[in-house]
Amino acid sequence: MAHRNFRPVSTGREWSEFSGGRDQQYAFRAAAGWGDTAVMLPWTLHTYYEDLEILRRQYPSMCAWVDSIARIAAESSGLVRRFGRRAGHLERYVVDTGMHFGEWLRPGENMVAQMMRNKVRPPAEVATAYFAHSSRLLARAAQQLDHHSDAELAEQARSAYRAAFVQEGGARIGADRQDDYVRALAFGLLEPVEQPRAAARLAALIEENGGHLATGFLSTPMLLSVCAFLYRRRNRSRVRL
């Protein structure tokens, strides 16, 4: 059964506009990272089990999710795009509107305050990173299924992310928080020449935080692979969980 009407649920009360509904309390258009399970989960299952049937069944919902985010990026622009760093013709691939949970609750953050900040200024770095990542996974799934692959969308979204959020050759990403670097490294959003600088900055942020990690719900699962990358790059910082 193909799940065209699949609904990525972020909380028990959330109905995303992607699926045609609207929550009674919050107007979530498409919660980045959380709703991207529509693409990331089928691809992960395929990766582990080498089962193409999983991709065949879920491919329509994977396309529906990426298409919905592409429309949001192209048709809406937030304060970040209007008054912040501009990405030129790539701005149509920057996701800076809608209600998102973002990285969600880094150590020490308050839930209510975080929600209010995300409502006033949506976490564009997080949302655009996941858009680029899901677009790339969708293109890879299309290749596996011998479907037309929109690899150009994936590359444009990746380029938009780098134009809007990557500075100083990878030494400064987004708001300069640990999770900004974890996402960029884990999702392959940086050029090879930028990766060592991003890894070095992540290691420095961990050291500045007393050797402690400071990521939230979204990036914490990616820490192990990224820390392994740090080790291979010889940024062998002492990391305490």
Side-chain angles (χ1 to χ4, degrees), residues 3-41 61-87 90-135 137-138 153 157 160-161 164-165 173-175 177 179-180 182-184 187 189 214-222:
H3 297 286
R4 261 287 178 189
N5 296 319
F6 174 72
R7 178 182 302 132
V9 179
S10 300
T11 69
R13 294 175 55 80
E14 193 263 322
W15 294 51
S16 69
E17 289 186 7
F18 154 67
S19 60
R22 182 179 293 273
D23 176 69
Q24 298 176 13
Q25 186 175 4
Y26 305 114
F28 287 94
R29 299 187 65 178
W34 308 82
D36 284 274
T37 186
V39 176
M40 295 172 65
L41 181 56
S61 62
M62 296 168 75
C63 290
W65 175 259
V66 171
D67 288 348
S68 71
I69 302 302
R71 285 195 301 272
I72 290 172
E75 297 173 2
S76 305
S77 60
L79 295 176
V80 174
R81 193 184 309 184
R82 295 173 186 173
F83 302 109
R85 187 181 178 199
R86 304 186 68 80
L90 294 169
E91 288 181 14
R92 63 180 285 108
Y93 302 100
V94 174
V95 186
D96 60 354
T97 59
M99 188 63 200
H100 302 280
F101 292 104
E103 178 64 14
W104 195 243
L105 297 185
R106 303 172 184 90
E109 290 185 336
N110 176 271
M111 181 178 69
V112 175
Q114 183 67 61
M115 185 67 75
M116 294 305 298
R117 281 196 298 270
N118 290 349
K119 185 173 183 179
V120 173
R121 183 170 180 172
E125 185 275 332
V126 178
T128 305
Y130 273 92
F131 175 39
H133 183 54
S134 286
S135 298
L137 295 184
L138 179 63
L153 173 62
Y161 175 88
F165 305 108
I173 299 177
R177 308 190 73 154
D179 52 276
D180 296 323
V182 170
R183 255 187 308 279
F187 290 170
L189 299 176
T215 52
F217 274 64
L218 290 183
S219 294
T220 297
M222 300 183 282

Report summary line: Nearest heavy-atom contact between V66 and S134 is CG2-O, 3.9 Å
**Report entry** Interatomic spacing from CE in M62 to CE in M40 - rounded to 0.5 Å
**Finding:** 10.5 Å
Query raised in the report: Charged N to carboxylate O under 4.0 angstrom, R183 versus D179?
Result: yes
Query - Flag, side chain of D180 to backbone of R177, donor-acceptor distance under 3.5 Å - result: yes
Query raised in the report: Is any side-chain heavy atom of E103 closer than 4.5 Å to a side-chain heavy atom of S219?
Result: yes
Query - Side-chain donor or acceptor of H100 paired with backbone N/O of A32 under 3.5 Å - result: yes
**Report entry** For the student: nearest non-hydrogen atoms of V94 and A164, plus distance
**Finding:** CG2-CB, 4.2 Å
Query raised in the report: Distance from N110 atom CG to L105 atom CG, nearest 0.5 Å?
Result: 8.0 Å
Report task. Please name the pair of heavy atoms, one in M99 and one in N118, separated by the smallest distance, quoted to 0.1 Å. Result -> CE-CB, 4.2 Å
Query raised in the report: Do the side chain of D67 and the main chain of A64 share a donor and acceptor less than 3.5 angstrom apart?
Result: no
Query raised in the report: Taking the six-membered ring for Trp, are the ring centroids of Y161 and Y93 within less than 6.0 Å of each other?
Result: no
Query raised in the report: Any chance CZ of F217 has more than 12 other-residue heavy atoms, nucleotides or ligands included, within less than 6.0 Å?
Result: no
Query raised in the report: Once you round to the nearest 0.5 Å, how far does CZ of F131 lie from CD1 of I72?
Result: 9.5 Å
Query raised in the report: Under 4.5 Å between any side-chain heavy atoms of W34 and L218, yes or no?
Result: yes
Query raised in the report: Which atoms form the tightest heavy-atom contact between A38 and W65, and what is the distance?
Result: CB-CB, 3.9 Å
Query raised in the report: What is the distance from atom CG of D96 to atom CD of E91, rounded to the nearest 0.5 Å?
Result: 8.5 Å
**Report entry** For P123 against G102, the heavy-atom pair lying closest together
**Finding:** CG-CA, 3.6 Å
Query raised in the report: Which pair of non-hydrogen atoms, one from L138 and one from V39, has the smallest distance, and what is that distance?
Result: N-CG1, 4.2 Å
**Report entry** Sub-4.5 Å side-chain heavy-atom contact between W104 and M115
**Finding:** yes
